[in-house]
Amino acid sequence: MAGQDLKELADRAVAEIAAAPDVGALEAARVKYLGRKEGALTEATKQIATLPAADKPAYGAAVNDAKRRIEGALDQRGTALRAKTLERDLGADHEDMTLPPRRLRVGRFHPISQTVREVSRVFATMGFETVEGPEIEWDYYNFEALNIPPGHPAREKWDTLWISNPLGDDPSRPILGRTHTSPMQIRVMEKRKPPIRVIIPGRCYRYEATDAIRESIFFQYEGLAIDEKLTMADLKGVLYSFARQIFGSDRKIRFRVDYFPFTEPSAEIAFDCFACEGRDPNCHVCGGDGWIEAAGCGMVHPDVLRRVGYDPSKYQGFAFGGGIERLAMLRTGAPDIRLFYQNDLRYLEQF
């Protein structure tokens with residue numbers, strides 16, 4: 001087959017391919033001309049071996065040119081047929097599925113939610129399980145079971161939102177918005193036997209004047225550990241480890257005696273003020289004291305253990321609790337707790 005014959009072969013193939021009405025006809029044309037066994041151009045290629053050496057370069061170039069034209073025609077017609085099929089399947093009323101998708105705005109966790117998750121993660125590394133409880137609580141769990149009977153001075157400090165009892169306003173069973181997440185400690189101890197390790201984050205309510213570090217509705221985390229031979233040293237070890245994991249080694253920590261009705265002995269843990277570092281006597285965050293109270297803690301009072309059926313001579317425990325917002329302020333450097341609740345995305349999107 002001469003070079004002119006190869007050109008005519010390519011012309012016929014290109015014309016036949018351009019007229020292919022569908023993908024099936026296009027595939028038949030490809031096999032006819034480029035098929036490995038009986039393709040016309042394949043047979044022409046085999047003849048190169050029989051030609052004189054002087055004729056082989058020109059003939060090989062003609063074969064390659066014919067193959068290039070046929071393959072180009074196949075690609076062009078295949079693209080056209082696929083586009084025609086896609087248009088037919090989608091119809092005029094459908095969106096073009098080949099367009100890039102619309103960009104979706106990716107959300108993020110609120111700084112308070114981030115802090116709750118981080119607190120739960122850190123305590124999980126020390127064996128504490130995260131549990132949750134009801135925000136609307138019985139007076140018994142919120143006060144009485146925690147060694148705060150009617151008339152106790154702590155009730156005035158924590159007095160909050162009392163709610164009408166849906167069970168007929170029974171005066172012997174008042175309910176309220178919980179003032180701390182400690183009631184869940186009682187509920188856990190009533191249902192489980194030691195050893196116990198739980199961390200309890202959640203929303204709380206108090207009759208509180210709002211300022212830079214206080215809100216009337218806020219989040220708190222509580223921790224409880226009950227086991228044999230637990231001591232104050234275990235409590236300090238857990239809280240110091242927590243502080244180091246949350247804030248690193250640069251933050252100063254103060255641990256001093258305090259009072260809580262449901263722990264004995266009791267203590268307070270505080271961190272140095274991030275706003276003024278103890279240098280401003282008029283600091284609106286620490287009040288000039290140089291320290292920010294972060295958590296109250298202590299050994300669980302024996303009367304609390306007896307109330308849930310634990311033997312204080314066999315089991316001891318420690319409890320601690322603090323404000324999530326305080327931790328969030330320390331972690332983010334927020335100068336005012338109210339910034340977390342004003343829903344100003346210009347501020348919140350920084351975190």
Side-chain angles (χ1 to χ4, degrees), residues 107-148 158 160-163 165-167 173-206 208 214-227 235 238-239 241-242 245-246 260 262-263 269 294-298 300 304-305 307-310 317-329 331 337 340-341 351:
R108 67 188 72 192
F109 287 109
H110 189 279
I112 301 302
S113 299
Q114 293 179 27
T115 305
V116 169
R117 285 172 168 251
E118 182 65 7
V119 168
S120 298
R121 183 196 67 79
V122 169
F123 279 111
T125 65
M126 293 184 275
F128 285 77
E129 172 193 359
T130 299
V131 298
E132 296 182 348
E135 293 182 17
I136 305 303
E137 189 58 274
W138 297 107
D139 172 274
Y140 171 79
Y141 288 106
N142 195 80
F143 290 130
E144 292 188 35
L146 292 167
N147 244 15
I148 310 175
W158 287 333
T160 182
L161 303 175
W162 294 90
I163 300 168
N165 191 331
L167 302 178
R173 301 195 69 192
I175 57 177
L176 71 161
R178 64 182 178 187
T179 60
H180 43 189
T181 55
S182 300
M184 193 58 190
Q185 297 181 13
I186 302 297
R187 291 180 176 272
V188 169
M189 287 190 289
E190 285 182 339
K191 295 179 180 179
R192 303 185 187 181
K193 295 298 181 182
I196 292 174
R197 304 281 193 281
V198 293
I199 188 76
I200 310 157
R203 186 182 284 108
C204 303
Y205 307 83
R206 290 186 188 175
E208 189 87 66
R214 296 176 181 85
E215 267 286 1
S216 57
I217 300 176
F218 60 97
F219 281 80
Q220 191 179 56
Y221 67 95
E222 296 268 351
L224 173 69
I226 304 291
D227 207 338
L235 169 60
V238 166
L239 291 181
S241 176
F242 168 68
Q245 293 188 61
I246 288 286
F260 300 101
F262 35 85
T263 54
I269 185 171
C297 58
V300 178
V304 174
L305 296 176
R307 191 180 292 270
V308 295
Y310 291 178
F318 59 79
F320 54 87
I324 292 292
E325 287 84 351
R326 298 277 181 91
L327 294 180
M329 291 175 70
R331 296 179 71 224
I337 194 174
F340 293 134
Y341 295 105
F351 312 108

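Computation of the quantities below employed the complete heavy-atom set of this structure, encompassing side-chain atoms and omitting hydrogens, waters and symmetry-equivalent molecules.
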Interatomic distance, CD1@Ile186 vs CZ@Phe262, rounded to 0.5 Å, equals 9.5 Å
| Below 4.5 Å, heavy atoms only, C-beta onward: do Leu305 and Ile226 meet side chain to side chain? | yes
Check: For Val238, does its backbone N or O pair with a side-chain atom of Ser241 as donor and acceptor, under 3.5 Å?
Finding: no
* To do: Dump the intermediate steps for side chain to side chain contact (heavy atoms under 4.5 Å, CB included) on Ile200 and Phe128, then the final yes or no.
  => CA-CA 10 Å; Ile200 310 157; Phe128 285 77; over 6 Å; no
Both conditions, 6.0 Å and 45 degrees, for the charged tip of Arg187 above the ring of Tyr141: are they met here? yes
Worksheet item: Would you say the side chain of Thr181 lies within less than 4.5 Å of the side chain of Pro201, judging by non-hydrogen atoms?
Response: no
Where does the angle between the aromatic ring planes of Phe242 and Tyr221 fall among parallel (under 30°), tilted (30 to 60°) and perpendicular (over 60°)? tilted
What I'd like to find out is whether the side chain of Tyr205 reaches to under 4.5 Å of the side chain of Leu176, using heavy atoms alone.
no
What one should report as the nearest heavy-atom pair of Ile136 and Ile163 is CD1-CD1, 3.4 Å
Original post:
Are side-chain heavy atoms of Phe218 and Arg326 found at a separation under 4.5 Å?
Top reply: no
Shortest non-hydrogen pair, Gln185 vs Ala319, comes out as OE1-CB, 3.7 Å
**Asked** Can you check whether Glu129 reaches Val131 side chain to side chain, under 4.5 Å on heavy atoms?
**Response** yes
Between the OH atom in Tyr140 and the CD1 atom in Ile148, the distance rounded to the nearest 0.5 Å is 13.0 Å
Residues at least two apart in sequence or cross-chain that pass side-chain contact (heavy atoms from CB on, under 4.5 Å) with Gln114, listed by chain then number, are Phe109, Phe351
Residues Cys297 and Leu239: closest non-hydrogen pair is SG-CD1, 3.7 Å
Output for pair (Glu144 CD, Arg307 CZ), nearest 0.5 Å, gives 7.0 Å
Taken to the nearest 0.5 Å, the spacing of Ser182 OG from Asn147 CG works out to 12.0 Å
On a heavy-atom basis, the closest approach of Pro183 and Leu146 is N-CD1, 4.1 Å
Heavy-atom closest pair (Gly127 atom, Arg197 atom, distance to 0.1 Å) is O-CB, 3.2 Å
Test your reading of the model: is there a side-chain donor-acceptor pair from Arg203 to the backbone of Arg178, 3.5 Å cut-off?
no
Contact between Val304 and Tyr310 at the side-chain level, heavy atoms closer than 4.5 Å - yes or no?
no
Those residues at least two apart in sequence (or on a different chain) that pass side-chain contact (heavy atoms from CB on, under 4.5 Å) with Tyr341 are Ile112, Glu215, Phe219, Glu325
Taken to the nearest 0.5 Å, the spacing of Leu235 CG from Ile269 CD1 works out to 8.5 Å
- Do Glu137 and Pro134 have side chains that get closer than 4.5 Å, going by heavy atoms? yes
With sequence neighbours left out, the residues meeting salt bridge (Lys or Arg N to Asp or Glu O under 4.0 Å) with Glu118 are Arg121
Review point. Does a side-chain heavy-atom distance below 4.5 Å link Val198 with Met184?
Key: no
When rounded to the nearest 0.5 Å, the distance separating CZ of Arg117 from OG1 of Thr130 is 11.0 Å
- Aromatic rings Phe143 and His180: how do their planes relate, parallel, tilted or perpendicular, breaks at 30° and 60°? tilted
